[in-house]
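See below for the structure under consideration.
Both counts, for ligands and for their atoms, begin at 1 and track the order of listing.
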Amino acid sequence: MTAPDAFDPRDYQPKPRALEGRVILITGASSGIGRAVALACAAAHANVVLVGRSAKKLDNVHAEISALGAGEASIAQLDLERAVAKDYDQLADALLTRFGRLDGLLHNAAILGTLSTVGDYDVPLFARVMHVNVTAAFALTQVLLPALKQSADARVLFTSSSVGRRGRAYWGAYAVSKFAIEGLSQVLAHELEGTTPISVNTINPGATRTAMRRAAYPSEDLARLATPESITAPYIALLGPVSRGVTGRAFDAQRL
Ligand code: NDP
C-alpha cells in the first residue's frame, strides 16, 4: 500500500470491482464529468446515488448504468439552486433508510456564472454561483455527515479547479467559489481527522471536454481536450479503499 504522503490518484490503475459494496453519492451526475464518474463507479460495482436537477437526464444515466449490469443506481432529484432544508433532510433520510450509511460523497455539480472583471460582475449572479457551488455543497455535506459516520471507511471529495488554487483575471465568482471549496475541504478534513475514518480531499479535473468548458472557451479545439471518460480513474482512487488515510489534500486528475 502507498504511504499517504506519496499517494497520487493519477498513478492508480483501475481494478475490477474496486468499489464493491460502497454507496457513493454524486452531485451533477446528469452530464459531463459527473455522469462519466457515476458510470465508472457503477462499473466498479458501487451502488451509485445520482443527484441532479433534470429527471430526464438522470433517467438516461440510470438506464446506462442498468445496461452495464454491475453496480446499481438510484436517483435523487435535487435542484441545488432551489433546494431548502426539507429537501436536504428528505434526501438524507431516504439514503439512511435504504442503505444505512454513505461511503462516498462527490461534490461535482457547479455552475460557471460568467467571465467578467470584478468591476463589471453582476452581484446577483455572484450570489447564485456561490450558492450552487459552495452553500449547497456545505449544506449537503452537513446533512449527510451522520450517514458518512456510519461508514467504516468514507470519503468526501470536493471538485476544485486550477482557478480555485491560483486566482486568474475574469474568473470572478467561479474562482472565488472554488477557493471556498478548497477551504471547506481543509476545515472538514481537520475536524474529522483522527476521530472518524472519513477522508476529505479535493480534485481538480483539469481541462475536460464538457458543456461547462465549451461555455468558458467557445473557440477551443475540442479534440485537444481530455474526455470525461478518460479522467475517471483518479476519482475511483479517491472514492475507494486505496485512498484510506489520505486526507486534507488537493489533487489533480490530469498531469498538466
Ligand atoms: P457540466 O456543466 O458539464 O456539468 C455540471 C453538472 O452540474 C451537470 O450535471 C449539471 O446538471 C449539474 N448542475 C448544475 N447546476 C445544478 C443545480 N442547480 N442543481 C443540481 N445540479 C446542477 O460541467 P463539468 O462536467 O465540466 O464540471 C464538473 C465539475 O468539474 C464542476 O465542479 C466544474 O467546476 C469542475 N471543473 C470542470 C472543468 C472542465 O474543464 N470541464 C475544469 C475544472 C473544474 P445539468 O445536466 O442539469 O446541467
Side-chain angles (χ1 to χ4, degrees), residues 25-40 48-62 64 73 75-84 87-88 91 105-115 125 127-140 156-168 171-182 184-185 201-218 220-232 234-235 238 250-256:
L25 185 147
I26 299 173
T27 68
S30 50
S31 55
I33 295 166
R35 171 187 161 276
V37 175
L39 284 160
V48 188
V49 182
L50 308 168
V51 174
R53 60 185 164 181
S54 158
K56 190 167 181 294
K57 287 188 188 178
L58 292 171
D59 282 345
N60 290 341
V61 179
H62 188 279
E64 289 181 279
I75 290 176
Q77 195 184 354
L78 191 71
D79 182 339
L80 298 171
E81 196 168 339
R82 295 186 172 76
V84 294
D87 304 313
Y88 287 102
L91 171 58
L105 169 56
L106 171 60
H107 293 289
N108 163 81
I111 55 174
L112 178 65
T114 191
L115 295 182
L125 179 58
R128 273 181 63 204
V129 173
M130 293 301 287
H131 186 82
V132 173
N133 296 7
V134 185
T135 311
F138 188 99
L140 191 60
V156 180
L157 185 57
F158 292 98
T159 307
S160 188
S161 166
S162 56
V163 296
R165 293 177 180 166
R166 188 177 177 85
R168 203 182 307 153
W171 281 83
Y174 180 82
V176 175
S177 75
K178 295 301 187 181
F179 269 96
I181 281 298
E182 292 283 355
L184 172 56
S185 178
N201 296 290
T202 65
I203 187 165
N204 165 25
T208 309
R209 199 186 306 167
T210 67
M212 182 185 286
R213 180 76 190 186
R214 267 200 302 283
Y217 296 93
E220 192 174 35
D221 178 5
L222 294 178
R224 296 170 66 103
L225 295 176
T227 62
E229 292 72 23
S230 71
I231 61 160
T232 57
Y235 284 82
L238 286 164
F251 292 104
D252 293 304
Q254 299 186 51
R255 295 184 199 279
L256 306 173

CA sep, side-chain torsions, deciding dist, call: Arg35, Glu64, salt bridge (Lys or Arg N to Asp or Glu O under 4.0 Å): CA-CA 10 Å; Arg35 171 187 161 276; Glu64 289 181 279; 2.7 Å; yes
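Here the CG atom belonging to Leu157 is positioned 9.0 Å from the NE2 atom belonging to His107, to the nearest 0.5 angstrom. For the atom pair CD1 (Ile33) and CZ (Arg213), the distance works out to 10.0 Å, reported to the nearest 0.5 Å. Considering OG of Ser31 and CG of Asn60, their distance stands at 11.0 Å, rounded to 0.5 Å. A distance of 9.0 Å separates CG in Leu39 from CD1 in Ile26, rounded to the nearest 0.5 Å. The CG atom of Leu222 sits 12.0 Å away from atom OG1 of Thr208, with the distance rounded to the nearest 0.5 Å. Put simply, CD1 on Ile203 and CD on Gln254 are 9.5 Å apart, with the number rounded to the nearest 0.5 Å.
Shortest contact from atom 27 (O) of ligand 1 to any protein heavy atom: Ile33 CD1, 4.1 Å. Shortest contact from atom 20 (C) of ligand 1 to any protein heavy atom: Leu78 O, 3.4 Å. The protein heavy-atom contact nearest to atom 48 (O) of ligand 1 is Arg53 NH2, 2.9 Å. Counting only heavy atoms of the protein, atom 10 (C) of ligand 1 lies nearest to Ser30 OG, 4.0 Å. Protein heavy atom closest to atom 19 (N) of ligand 1, with residue, atom name and distance, is Leu80 N, 2.9 Å. When hydrogens are left out, the protein atom nearest atom 35 (C) of ligand 1 is Thr159 CG2, 3.6 Å; that is the closest non-hydrogen contact. In terms of protein heavy atoms, atom 21 (N) of ligand 1 is closest to Ala109 CB, 3.9 Å. Among protein heavy atoms, the minimum distance from atom 37 (C) of ligand 1 is reached at Pro205 CG, 3.7 Å.
Across every non-hydrogen atom of Gly164 and Lys178, the tightest pair is CA-CB, 3.5 Å. Nearest heavy atom pair, residue Phe158 against residue Val156, reads CE1-CG1, 3.6 Å. Across all their heavy atoms, Ile181 and Ala137 have their closest contact at CD1-CB, 4.1 Å. Taking each heavy atom of Gly32 and Thr210 in turn, the nearest pair found is CA-CG2, 4.0 Å. Scanning all heavy atoms of the two residues, the minimum distance from Glu81 to Arg128 falls at OE2-NE, 2.7 Å.
Not a single heavy atom of Ala216 sits under 4.0 Å from any atom of ligand 1. Using a 4.0 Å cutoff on heavy atoms, Gly206 counts as a contact of ligand 1.
Of the heavy atoms in His107, none comes closer than 4.0 Å to ligand 1. The residue Leu225 has no part lying near ligand 1, judged by heavy-atom distances below 4.0 Å. The proximity of Lys57 to ligand 1, defined as any non-hydrogen pair under 4.0 Å, is limited to the side chain. Residue Ser162 does not touch ligand 1, judged by heavy-atom distances below 4.0 Å.
Set against the non-hydrogen atoms of Glu81, the atoms of ligand 1 under 4.0 Å away are 18 (N). With ligand atoms numbered from 1 in the order given, ligand 1 contributes 40 (O) to contacts under 4.0 Å with heavy atoms of Ala207. Each of the following atoms of ligand 1 lies closer than 4.0 Å to a heavy atom of Ile111: 14 (C), 15 (N). For ligand 1 and Ser31, the ligand atoms under 4.0 Å from any heavy atom of the residue are 4 (O), 8 (C), 9 (O), 45 (P), 46 (O). The atoms of ligand 1 that sit less than 4.0 Å from any heavy atom of Arg213 are 40 (O), 41 (N). Atoms of ligand 1 found under 4.0 Å from any heavy atom of Ala211 (numbered from 1 in listed order, with element): 3 (O). Within ligand 1, the atoms closer than 4.0 Å to a non-hydrogen atom of Gly32 are 3 (O), 25 (O), numbered from 1 in the order shown.
Considering backbone and side-chain atoms alike, Gly28 places an N or O below 3.5 Å from some N or O of ligand 1. Looking at Asn108 next to ligand 1, an N or O pair under 3.5 Å apart turns up. Checking only distances, Tyr174 does come within under 3.5 Å of ligand 1, N or O to N or O. For ligand 1, the polar-atom distance check against Thr210 finds a nitrogen or oxygen pair separated by under 3.5 Å. Note: no N/O pair closer than 3.5 Å links Asn204 and ligand 1 by distance alone. Note: an N/O pair closer than 3.5 Å links Thr208 and ligand 1 by distance alone.
Taking each of Gln254, His131, Met212 in turn, the one with a heavy atom nearest to atom 1 (P) of ligand 1 proves to be Met212. Here the shortest heavy-atom distance to atom 18 (N) of ligand 1, taken over Leu58, Ile26, Asp79, belongs to Asp79.
Classification of the Tyr217-Trp171 ring pair by plane angle, with boundaries at 30° and 60°, yields tilted.
Inter-residue side-chain proximity for Leu106 and Thr159 is flagged as met; some heavy-atom pair is nearer than 4.5 Å. Inter-residue side-chain proximity for Asp252 and Arg165 is flagged as met; some heavy-atom pair is nearer than 4.5 Å.
By the 6.0 Å contact criterion, CZ on Arg168 is enclosed, its count of non-hydrogen atoms from other residues, nucleotides or ligands being greater than 12. Within a 6.0 Å sphere centred on CZ of Arg224, heavy atoms belonging to other residues, nucleotides or ligands number 12 at most.
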